[in-house]
Amino acid sequence: MATIDLNSDLGENAPDRVVADDAAMLGIVSSANVACGFHAGTPEGIRTTLADAVANGVTIGAHPGYRDYEGFGRRAMDIDSATLQAHVEYQLGALLGLTAAVGGAVRYVKPHGALYNTIARDERQARDVVAAVKAIDPSLVLLGLAGGVVLDVAEKAGLATAAEAFADRAYTPGGELVSRAEPGAVLHDADAVAARMLRLAREGVVEAIDGTDVAVRADSICVHGDSDGAIRMAAAIRELFEAEGMVIAPFAGAAA
């Protein structure tokens, strides 16, 4: 029986910027990538999401990003290595502390937004992120874009890794995510997204934006919490997978 993880980016709400229904999503997913405060979220909001994840038995991952609250961490940054490593270490330390405070444990790290996309192709920044993870807790799994440079860098450094695919994003023929600035980059049709992800889980391919098939190896599937229709898409994926005999389970072990 095939098993795959279903995750979402959460903990990103603030009083002046509510982007997701964390409570509803935590009743669907098996893993939660929780913001660390630099790109989104507040300490009290992040803590609430972490407590809800623990209560729902959802595995927790840290979701560090560039220090870019105004741009939601989606603006690329040419940041020096010492600064980037320190910023990632700071965020991981904060999330590990808050998670411990609510009786949970962080099992993995998934970088956010522009940092995630950059380290999929930029070896220097990938090394900086990997160095930060190793310095804080080398037992953490590094979750990154399937085929991305960071997974090779992490494996060579001795970290466990997992590959991720995106339910609500279009792919280029080369297996990269289509830029959010391009038409059709973000998907919203729940039934179509679920069928697309079932094919990914069974056949290891997704249809690229040009209609061709691209091979994608994935241990985990992400539905962005801030996507329009996110709850409908995540629920449709779970319902279809379970109807087809697929098991939704965390890639990084059970929640604490």
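One-based numbering along the sequence shown. Remember, it's a predicted structure, so these values are computed and weren't measured experimentally.
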Answer whether the closest heavy-atom distance between the side chains of [X] and [Y] falls below 4.5 Å.
X	Y	result
Val186	Arg169	yes
Val58	Ile60	no
Thr83	Arg67	no
Asn13	Val19	yes

Any residue meeting ring pair (Phe, Tyr, Trp, His ring centres under 6.0 Å) with Phe166, in chain and number order, not counting sequence neighbours: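 Ring pair (Phe, Tyr, Trp, His ring centres under 6.0 Å) list for Phe166, sorted by chain: Tyr116, His224.
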Quiz: residues 228-238 side-chain donor-acceptor pairs under 3.5 angstrom, not counting sequence neighbours:
from   : atom 1 : to     : atom 2 : distance (Å)
Arg238 : NE     : Ile28  : O      : 2.6
Arg238 : NH1    : Glu242 : OE2    : 2.6
Arg238 : NH2    : Ile28  : O      : 2.9

Linked hydrophobic residues, Val18 as query - side chain contacts closer than 4.5 Å: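 None, because no other hydrophobic side chain comes under 4.5 Å of this residue.
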Sequence neighbours excluded, every pair satisfying salt bridge (Lys or Arg N to Asp or Glu O under 4.0 Å) that has a member inside residues 212-223: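 Found Arg199-Asp213, Arg217-Asp219.
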Glu89 atom CD, over 12 foreign heavy atoms within 6.0 Å: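 More than 12 within 6.0 Å, yes.
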Using residues 142-156 as the side-chain source, report each donor-acceptor pair under 3.5 Å to any protein atom, sequence neighbours left out, with the distance given to one decimal.
from   : atom 1 : to     : atom 2 : distance (Å)
Glu155 : OE2    : Thr161 : OG1    : 2.8

Test: Glu244 and Arg202 ion pair at under 4.0 Å: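 Result for this pair is yes, salt bridge flagged.
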Ion pair check, Arg124 and Asp78, cut-off under 4.0 Å: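 So Arg124 pairs with Asp78 through a salt bridge.
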Among Val141, Val109, Val133, the one residue meeting side chain to side chain contact (heavy atoms under 4.5 Å, CB included) with Leu159: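 The option that passes is Val133.
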Using atom types as modelled, flag every donor-acceptor pair under 3.5 Å from a side chain in residues 33-40 to any protein atom, sequence neighbours excluded.
from  : atom 1 : to     : atom 2 : distance (Å)
Asn33 : OD1    : Tyr108 : OH     : 2.5
Asn33 : ND2    : Asn7   : OD1    : 2.6
Asn33 : ND2    : Ser8   : O      : 3.2
Asn33 : ND2    : Asp9   : OD1    : 2.6
His39 : NE2    : Glu12  : OE2    : 2.8
His39 : NE2    : His112 : ND1    : 3.4

Six-ring centre of Tyr171, Arg196 cation under 6.0 angstrom, axis tolerance 45°: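 Checked: cation-pi criterion not met.
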Side-chain donor or acceptor of Ser81 paired with backbone N/O of Asp128 under 3.5 Å: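 No; zero donor-acceptor contacts below 3.5 Å.
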